[in-house]
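Bear in mind the structure is a predicted one, so any value in this text is a computation, not a measurement.
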Amino acid sequence: MQENDQEHFKRELGLLDGTMLVVGSMIGSGIFIVSADIARQVGSAGWLTLIWLLSGLITIIAAVSYGELSAMFPKAGGQYVYLKEAYNKLIAFLYGWSFFAVIQTGTIAAVGVAFSKFAAYLYEPLSDENILYELGSFKLNAAQLVSIFTIVVLTFINSRGVKNGKILQTVLTIIKILSLLGLIVFGLTLAAKASVWDLNWADTWGTRSFDKESGSWLPIGGTALISGISAAMVGSLFSSDAWNGVTFIAGEIKNPQRNVGMSLFLGTFIVTIIYVLTNIMYLAVIPFDEIATAKFDRVAVVASQYIFGNIGALIIAIMIMISTFACNNGLIMAGARVYYTMAKDGLFFKKAAVLNSSSVPAWALWAQCIWASALCLTGKYGDLLDFVIIIVLIFYILTIYGIFILRRKMPDVERPYKAFGYPFLPMLYIVIASAICISLLLTKFSTCGWGVLIMLTGIPVYYLTKPKEE
């Protein structure tokens, strides 16, 4: 049954499209904003750069490990399928449940909210301070409507066929890469100052945290440093997330055994290089204290004002709007394929398993659209990140451990591509990601705890809705 269904998906995406989906889904608004929070948590240029580098490296390790799984199971559904094959339907369902409840929809909402924040730069009435309606403690603002509007438009485009989504993704992602590279080059050639660079690197590995209330730096070490690093990594890991989207649409990729794995590696590698270079540019242009105290954390706006003067803020606003729009296009396109595959297994609404006349799971796309729009109304960008990142990491750990399980469980299955550096690199990822998860639960229990709770509520749902014939 599964194989026949694959025939209905049109294989219209090549290696470039796959790579652009990875890059486009990864680069949202994070790189423009997150460095301010990291700077406040760890307090020096060396640590800021190291955290971006470390996040990039563990993302690349995870992506090349996924290459083995994507070559073994080149079907729609990606990570959901890998978890089902390595463990069982319950674990796969918990992933799909969390994916629909928080991971994909929460990320789409967070990226939509970021889009609207910067749209308000161009046209003030679109800001979240423009309250349109109040009912008790609930307030509806213009920014929320803008985010919902973009999600609806992108869902509509993707419901008309994978080709439309693919063209939009590739064009916007190439614009996004070129504009970020432009920012780096202009920054390093026009605005870099040796005095700023030298001062920023004077105390390369000094560790301190910024206290917003007193507006001063406090030295940190020991457990405070560890919790600072893990809190700082939430932002950089979230900025490097969503690379696995290409595995969800494997059913629409030409020669998926080769191209999915290659897209994963090339995409994560390109993004890591861009992210590290962007931070090097920030450190060459902006004094460290200004990075940490950038208004609304908009580090890229500060950098752009140093580079381009007054028009800088406008340039960044347009860049972020293009960036977040492309990011959400990739997330919306990929997400629906997971619900489609779950529905085929009887673990999601039946209608999600239906492809429309354009060979895309339109019902699944619109269900995702409605829930992501509802999450936009909560409007809490930071809380959404904490909710999402803890669950994302737990399932990445389980999926990568799945490689070890499947090597024992299915030793004879053809593996056109094998996990790079196995078993050392996949195990290194598991150890680092587990340490970050534990640290997050200890330091941010109020939000991360909710994330884990949402995931666990899937257990009773699974047993209540499981098809009877099993």
Side-chain angles (χ1 to χ4, degrees), residues 5-28 75-78 104-105 107-109 111-112 115-116 119 146-179 242-256 259-260 263 267 318-341 343 351-373 376:
D5 293 322
Q6 290 303 309
E7 299 313 310
H8 296 302
F9 274 129
K10 293 179 181 165
R11 293 200 184 273
E12 290 189 348
L13 307 175
L15 179 61
L16 173 70
D17 302 313
T19 306
M20 290 301 106
L21 179 74
V22 175
V23 174
S25 301
M26 284 175 75
I27 304 176
K75 299 190 276 223
Q104 201 73 351
T105 47
T107 307
I108 290 168
V111 174
F115 175 91
S116 60
V146 173
S147 0
I148 291 169
F149 177 72
T150 60
I151 294 168
V152 171
V153 168
L154 286 168
T155 301
F156 176 75
I157 291 169
N158 277 287
S159 71
R160 311 295 292 175
V162 77
K163 206 171 227 169
N164 300 338
K166 160 189 114 164
I167 294 165
L168 185 68
Q169 189 67 28
T170 301
V171 170
L172 287 179
T173 302
I174 289 169
I175 293 172
K176 182 180 347 193
I177 293 170
L178 292 176
S179 56
W243 48 267
N244 57 343
V246 73
T247 69
F248 306 144
I249 57 160
E252 288 144 288
I253 288 189
K254 301 166 191 165
N255 187 6
N259 284 343
V260 175
S263 300
I318 293 167
M319 271 178 70
I320 293 184
M321 287 170 71
I322 293 170
S323 184
T324 47
F325 200 71
C327 179
N328 254 353
N329 182 59
L331 294 168
I332 287 166
M333 184 199 297
R337 274 62 179 175
V338 177
Y339 322 131
Y340 166 86
T341 311
K351 286 185 176 165
V354 179
L355 298 182
N356 69 3
S357 56
S358 307
S359 302
V360 290
W363 193 92
L365 277 163
W366 286 110
Q368 171 180 265
C369 170
I370 290 164
W371 183 238
S373 300
C376 282

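- Legend: residues meeting side-chain hydrogen bond (donor to acceptor under 3.5 Å, both in side chains) with Q104, ordered by chain and number and at least two apart, are absent.
- Applying the ring-ring contact (aromatic ring centres under 6.0 Å, His included) criterion to F248, with sequence neighbours excluded, gives F99.
- Taking CG of L15 as the start and OG1 of T19 as the end, the distance is 4.0 Å to the nearest 0.5 Å.
- The CE atom of M321 sits 9.5 Å away from atom OG1 of T150, with the distance rounded to the nearest 0.5 Å.
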Stepwise side-chain contact (heavy atoms from CB on, under 4.5 Å) check, L365 with M333: CA-CA 8 Å; L365 277 163; M333 184 199 297; 6.0 Å; no
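- Under the side chain to side chain contact (heavy atoms under 4.5 Å, CB included) criterion, I174 pairs with M20, T170, L178, not counting sequence neighbours.
- One distance of note links CD1 of I167 with CD of E12; it measures 9.0 Å at 0.5 Å rounding.
- For the pair R11 and N259, the minimum side-chain heavy-atom distance is 4.5 Å or more.
- Side-chain contact check for Q368 versus I108: some heavy-atom pair is nearer than 4.5 Å.
- Summarising the geometry, atom CG belonging to L21 is positioned 7.0 Å from atom CD1 belonging to I253; distances are rounded to the nearest 0.5 Å.
- The salt bridge (charged side-chain N to carboxylate O under 4.0 Å, His left out) check on K166 picks up D17, with sequence neighbours excluded.
- For F156, the side chain to side chain contact (heavy atoms under 4.5 Å, CB included) test picks out S159, R160, W366, with sequence neighbours left out.
- Within the 4.5 Å cutoff, the side chain of F325 has heavy atoms near those of the L172 side chain.
- S358 contributes atom OG, which lies 12.0 Å from atom NZ of K163 (distance to the nearest 0.5 angstrom).
- The side-chain heavy atoms of I332 and C369, taken from C-beta on, include no pair separated by under 4.5 Å.
- Taking every heavy atom of both residues into account, V260 and A250 meet most closely at CG2-CB, 4.1 Å.
- Residues N356 and A362 share a closest heavy-atom pair of ND2-CB, 3.4 Å.
- Residues that satisfy the side-chain hydrogen bond (donor to acceptor under 3.5 Å, both in side chains) test with N158, not counting sequence neighbours, are N329.
- The two residues I151 and S373 come nearest to each other via the heavy atoms CG2-OG, 4.3 Å.
- Considering only residues two or more places apart in sequence or on other chains, S323 meets the side chain to side chain contact (heavy atoms under 4.5 Å, CB included) condition with I27, F32, K176.
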Chi angles and distances behind the side-chain contact (heavy atoms from CB on, under 4.5 Å) call for L154, L168: CA-CA 10 Å; L154 286 168; L168 185 68; 3.7 Å; yes
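- Judged as a side chain to side chain contact (heavy atoms under 4.5 Å, CB included), and not counting sequence neighbours, the contacts of A364 are A336, Y339, A352, P361.
- For W363, the ring-ring contact (aromatic ring centres under 6.0 Å, His included) partners are F349, not counting sequence neighbours.
- With rounding to the nearest 0.5 angstrom, the CE atom of M319 is 11.5 Å from the OG1 atom of T324.
- When atom types are taken as modelled, the side chain of E252 and the backbone of F9 share no donor-acceptor pair closer than 3.5 angstrom.
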